[in-house]
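Just so we're on the same page: letters track the sequence lines, and every chain starts at 1. Note: hydrogens, waters and symmetry copies are ignored here, and every other heavy atom, side chains too, is used.
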Amino acid sequence: MESRYAPKNIEKKWQDWWERENLFAVKEDPQKKKYYLLEMFPYPSGRIHMGHVRNYSIGDVMARFLRMNGYNVLHPMGWDAFGMPAENAAIKANTHPARWTYENIDYMRVQLKKLGFSYDWSREFATCDVSYYRWEQMIFLKMYERGLAYRKASYVNWCETCHTVLANEQVEGGACWRCDQPVIQKEMDQWFFKITDYVEELLDYTTRLPGWPERVLTMQQNWIGKSTGSRILFPLASGDGSITVFTTRADTLFGATFMSLAPEHPMVERLCRGTPQERDVLSFVERAKLAKRSDREAEFLEKEGVFTGGHCINPMTGETMPVYVANFVLMEYGTGAVMAVPAHDQRDFEFARKYGLPIRVVIVPQGSSEVPRAEEMDAAFEEDGVLVESGAFSGLTSSEARNAVTRALKEKGLGDFTVQYRLRDWGISRQRYWGAPIPIVYCEDCGIVPVPERDLPVVLPTDVALLPNGASPLPVHEPFFKTRCPACGKPARRETDTMDTFVESSWYFARFACADHHSAPLDLERVGYWLPVNQYIGGIEHAVLHLLYSRFFTKVLRDMNLLQIDEPFENLLTQGMVIKDGAKMSKSKGNVVDPDEMIEAYGADTVRLFCLFASPPEKDLEWSEQGVEGSFRFLSRIWRLVAENRQALLATQPFAGGNGLPEDLALLHRKTHQTIRKVTEDIRDRFHFNTAIAAVMELVNQIYQLLDSPGKGTQRDFWPVMREAVENMVLLVSPIVPHIAEELWSVLGHGGSVLNEPWPTWSEDALAADEVLVVVQVNGKLRSRIMVPADAGKEAMEQAALCDPRILEFIGGKQVKKVVVVPGKLINIVV
RNA sequence: GCCUGGGUGGUGGAACAGGUAGACACAAGGGACUUAAAAUCCCUUGCUCCACGUGGGCGUGCGGGUUCGAUUCCCGCCCCAGGCACCA
C-alpha cells in the first residue's frame with residue numbers, strides 16, 4: 001500500500017472491477033424491499049457540469065446507503081436526448097443532430113463512470129432511440145383515441161429565433177425559456193394534450209404529497225390557479241346574443257356599469273361593425289395585440305380602451321351598459337370579457353375615471369352605515385363587506401350575496417356557479433426536426449387520420465439536410481411527408497411537427513423499470529414492482545414544467561392500464577444550484593468549473609465529497625477550490641490512518657464489546673457508535689450529508705488523538721478498539737467516497753465490495769456512559785459544568801449543582817426561588 | 001400586490017423535540033519538523049472589557065412578548081432570494 005493517497009492509482013481500478021463484477025445491476029426480487037431512486041436524467045449537451053455532479057452525487061450516496069441497508073435499489077440513468085440544441089449545434093458544426101447527440105452521450109457516459117456512480121447501465125436508453133419514442137407514439141395514439149390529444153387552431157406562443165411554438169409553461173415573463181427572445185402570438189393549428197381533464201386531480205394531490213417540498217407544491221398550485229366564481233351572461237342591447245363573463249365577485253353585479261372585452265374577443269368586430277367607431281376600434285385592437293406580451297414588464301402600462309359602439313344589459317339592474325375594448329383584458333383567462341365594477345375594482349376604477357364612466361358603490365365595509373360618494377373616492381374598495389343599493393340583496397354580506405345573486409341568475413338562465421383555472425391544455429406541437437414525430441396523417445378526404453399501431457414507429461428520417469435558419473426540414477423532405485392515407489389509401493401528407501421534448505421526460509422513469517420490453521410501452525409486472533419512484537432528485541427549475549407534466553402522464557397511463565399508481569414520485573428532493581463567486585456558473589460569466597479538470601486534479605472521491613460537505617443539498621453550493629483541497633486533505637488523512645497502522649490493525653480483530661475498557665478506549669468505542677448513529681440518521685432521515693461527514697471527521701480526529709497518546713498499543717484492547725473505529729469509519733464513508741472506501745476495505749483484509757457489506761449498526765450499550773456532563777445555570781446564564789452519574793435523579797442533580805463552589809459563589813447567599821432540572825442535561829437555579 | 005423560502009463569526013455551514021450558540025471545515029495568525037520548500041503536526045481565532053481567570057458583559061436582521069430559559073414559539077417591522085401576477 002502506498003503511503004500517499006493517490007486517487008489516480010485506485011479509482012479506475014475499482015470502476016473496472018465494479019463493471020466486471022456487474023455490481024450495480026438489479027433484478028426484481030419479491031423477497032427484498034424495493035427502492036427506486038432516480039435523479040433527473042441529463043440533456044446530452046456535450047459535457048457533464050457541476051450541477052449534474054452534485055445532483056448525481058446526492059443520488060449515489062442514497063443508492064449505496066440504501067443498498068447496504070438491504071434494499072433492492074433501482075438506480076438507472078439515461079438521456080433526455082431530443083431537443084433543439086442538437087439541431088443548432090449540428091447546423092453550426094455541419095454535422096447531424098443524431099451524430100452530435102450520440103457522440104455526446106458516449107462522452108458523458110464515460111464522465112459519469114469516472115465519477116463512480118452506481119447506475120445499472122443495462123437499463124440505459126436515450127429518448128431519441130426509436131425503441132423509446134415508438135412507444136411514445138403509441139401512447140399518443142391511445143391519447144388520441146380517448147380525446148386526450150386533439151388538434152385545434154389557437155393563438156400560440158411563437159419564438160421567431162427558435163422557429164417553433166412554445167407551451168405556456170415555457171414562456172417566462174413574455175420571453176422564450178431557451179433563448180430569452182420575446183415571444184409573439186401567432187394563430188396556428190396545433191396538437192394539444194388535455195391536461196385540463198386532470199386539473200382537479202392534479203390540484204387535489206398537491207395536498208397529498210407529504211414527501212414533496214412545500215414550495216414546489218405551492219408553485220404548482222399557483223400554476224393551476226383555481227378560482228371559484230360565477231359565469232354571468234349579459235344580453236346584447238340590440239340583436240341576439242350575449243357576452244359571458246367570469247367573475248369571483250357576483251356580489252358586485254349591481255355596481256357593474258360597463259363591460260370590457262379583450263382585443264381578441266370575437267364580439268369586438270361584430271359590435272363595432274358599421275358604427276362610427278369602427279375604424280378607431282380596429283386600429284386600437286391592432287395596436288393592443290402588438291403590445292401584448294412583448295412588454296410584460298411594463299408594470300405601469302397605461303390602461304386604455306375604446307368604446308365599441310355596442311351595449312349590453314346588466315342582467316340584474318336591467319340597465320344598459322356600454323361595451324369597451326380594453327388593453328388589460330386577457331383573452332386567455334376566463335372568457336376574455338370582464339364586467340367592470342369601478343367602485344370595487346382598482347383597474348375598472350382607473351378606467352372609469354379616465355373615460356368618464358359611472359361609478360356606483362354597492363359594497364360598504366361591515367358596520368359602516370355611510371355610503372361613500374363616488375366622486376370623492378380615490379381608490380376602489382376591493383374588500384368584502386355588506387351590500388347596499390342592490391335591490392333585494394341589500395344588507396347581505398359579500399359571501400352570502402355571491403351565492404344568492406348567482407342562484408337568482410341561474411333561475412333566469414343568465415348565469416351559474418363555475419370554476420376557472422389558469423392552467424391551459426398543453427400544446428405539444430413543435431415545428432422542429434429533432435423530436436419524436438407525431439403519428440398522424442392528413443388526408444384530403446378523411447381528414448385527420450391516426451397512424452395505425454401496426455405501422456409504428458413513424459421513424460424520424462436521418463437523411464435530411466438541415467436548413468440554416470433552423471426551420472424543420474421535414475415539411476420539405478418528400479420521402480417523409482409523402483404517404484398514403486391509412487384509411488382510404490389515397491396519397492396523403494404526414495404530420496411534420498414533432499412532439500415537445502417534455503413528452504419524453506414525462507414517462508421515462510416508468511420505462512427504466514423495463515427498458516428492454518419490446519411488445520408494449522411498459523411491462524405491467526416489472527413496472528408494478530418498481531414504481532412509484534421512491535425518491536426523485538433534481539433541480540428546482542423543473543418545479544412546474546417537467547414535474548407537472550410527469551404527474552399528468554402518470555394519471556393518463558394509469559387510466560390506460562399501463563400503470564397502477566396515481567403519482568410518479570413519492571418523495572422529491574430539489575437540490576440547489578452550484579454557484580461560483582456568488583453567481584450561477586455560466587460561460588458568459590466565465591466562472592465555470594469543469595468536472596473533468598477537478599477529477600483529474602483531485603480524483604472523483606474528492607469532488608463528490610466536496611459537493612456533499614459544503615452545504616446541505618437543498619441549498620445553493622458555493623464552489624471553493626480551497627474547500628476542495630480541504631476535502632482532499634481529509635481523504636489523505638484517512639488514507640494515512642490505514643497506511644501507517646496497517647500491520648497492527650491486520651493483526652487483530654475488531655473490538656466485540658464488553659466492559660472494563662480503560663477510559664480513553666471507552667471514549668473512542670463510544671464515539672464510534674455515536675458516529676454510526678449520527679451518520680445513519682443524517683443520511684436516512686434528512687439527506688444532511690454535510691453533518692454526517694462532519695461527524696466522521698470528528699471520529700477521525702479522535703482516532704488520531706488516541707494514536708498520539710502515550711498509551712498507544714500498550715493496552716490490551718487498544719488495537720481491537722482501533723480496528724472497530726477504523727473499519728466502521730470506512731463503511732460509513734463508503735457511499736460518499738466509494739473508491740477509497742473499497743481500497744481501504746480490501747487493505748484491511750476483506751474480499752468483496754463494501755457495497756455488499758451490511759450498513760453498520762450502533763449498540764445502545766456502547767452509547768451509554770457512566771457519567772455525563774451537565775450544565776448549571778443561575779438565572780438562565782451558564783455558570784458551571786459538572787459531571788454527574790448518567791442515571792442521577794433530579795434531586796441528586798440539584799444537590800450536586802448546589803454543592804458546586806462556583807455556583808455557591810453566584811448564588812451568593814441569595815434566596816433560591818426555584819430549581820429547574822432537565823435530567824442528563826441541565827440545571828437552572830433561579831434566585 | 002399575493003405565495004413560498006431565508007437572514008447565525010472573516011467564509012461555507014452546525015445546533016434534528018425551547019435547554020452549553022458557533023460542531024465540522026475553509027481562511028487568517030503564531031509555532032514545531034526541514035539547509036529550504038512542499039507535505040504533516042500543534043496552538044489561537046464571534047465582539048468587547050479586565051485583576052488573564054473553569055473571569056465579566058454583549059451577541060443568531062430589528063422591536064416587543066411568552067418562558068426558569070428563545071437562533072428555535074407568538075406579535076409587529078426591515079432586508080434578500082425564488083415563484084405567480086392587469087387572473088376579473
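- Closest contact between the side chain of A:R686 and the listed nucleotides B:C16, B:A25, B:U54 involves B:C16.
- The local environment of NZ in A:K354 is crowded, with over 12 non-hydrogen atoms from other residues, nucleotides or ligands closer than 6.0 Å.
- In this structure, the nucleotide among B:U20, B:G19, B:C26 sitting nearest to the side chain of A:N828 is B:G19.
- The line from CG of A:N327 to CZ of A:F284 is 4.5 Å long, rounded to the nearest 0.5 Å.
- Both A:Y333 and A:S615 lie near RNA chain B, and the one whose nearest nucleotide falls closer to the 5' end is A:S615.
- Across B:A25, B:C84, B:C16, the shortest atom-to-atom separation from the side chain of A:K678 is found for B:C16.
- Comparing B:A15, B:A85, B:A88 by their closest approach to the side chain of A:R422 singles out B:A85.
- When distances run from any side-chain atom of A:R806 to the nucleotides B:A25, B:G56, B:A14, the shortest one goes to B:G56.
- Paired with A:F258 under the rule side-chain contact (heavy atoms from CB on, under 4.5 Å), one option of A:P358, A:C312, A:P342 passes, and it is A:P342.
- OP1 or OP2 of B:C68 lies within a sub-4.0 Å distance of a side-chain N or O belonging to A:K818.
- In this structure, A:R637 reaches the B:C41 phosphate: one of its side-chain N or O atoms is under 4.0 Å from OP1 or OP2.
- Note on ring orientation: taking the six-membered ring where Trp is involved, the planes of A:F351 and A:Y355 are tilted (angle from 30° to 60°).
- A donor-acceptor contact closer than 3.5 angstrom links the side chains of A:Q221 and A:T206.
- Applying the 4.0 Å criterion to OP1 and OP2 of B:A25, one finds that A:N701 has a side-chain N or O inside that range.
- Regarding contacts with the backbone of B:C58, a side-chain N or O of A:K781 is found under 4.0 angstrom from either OP1 or OP2.
- If you measure from atom NZ of A:K226 to atom C1' of B:A88, you get 18 Å, rounded to the nearest angstrom.
- For A:L635 and B:U40, the CG to P distance is 12 Å, given to the nearest whole Å.
- No engagement by A:Y421 is indicated, since no non-hydrogen atom pair under 4.0 Å with the nucleic acid exists.
- Contact annotation: A:R215 side-chain N/O to B:A81 OP1/OP2 distance is not under 4.0 Å.
- Across all strands shown, A:R231 has no heavy atoms under 4.0 Å from either base or sugar-phosphate atoms.
- Classification of A:K580 and A:E622 as a salt-bridged pair fails, no side-chain N sitting under 4.0 Å from a carboxylate O.
- A salt bridge links A:E200 with A:K226: the distance from a Lys NZ or Arg NE/NH1/NH2 to an Asp or Glu carboxylate oxygen falls below 4.0 Å.
- Comparing B:G19, B:C26, B:A88 against the side chain of A:L330 picks out B:A88 as the nearest.
- Comparing B:U20, B:A27, B:G83 by their closest approach to the side chain of A:Q626 singles out B:A27.
- Nearest nucleotide to the A:E698 side chain, out of B:A21, B:A88, B:A23: B:A23.
- Other residues, nucleotides and ligands place more than 12 heavy atoms under 6.0 Å from the CZ atom of A:R208.
- Counting only Watson-Crick and G-U wobble pairs whose two key distances fall under 3.5 Å, RNA chain B forms stems of three or more stacked pairs at B:1-7 with B:78-84, B:10-12 with B:24-26, B:28-32 with B:40-44, B:46-49 with B:55-58, B:61-65 with B:73-77.
- Regarding A:Q777, its CD atom lies at a distance of 8 Å from the P atom of B:U20, rounded to whole Å.
- The side chain of A:R640 lies closest to B:C41, out of B:C41, B:A88, B:C24.
- For A:N779 and B:G69, the shortest distance from a side-chain N or O to OP1 or OP2 is not below 4.0 Å.
- Taking the side chain of A:R347 as heavy atoms from C-beta on, and the options B:U54, B:U4, B:C87, the nearest nucleotide is B:C87.
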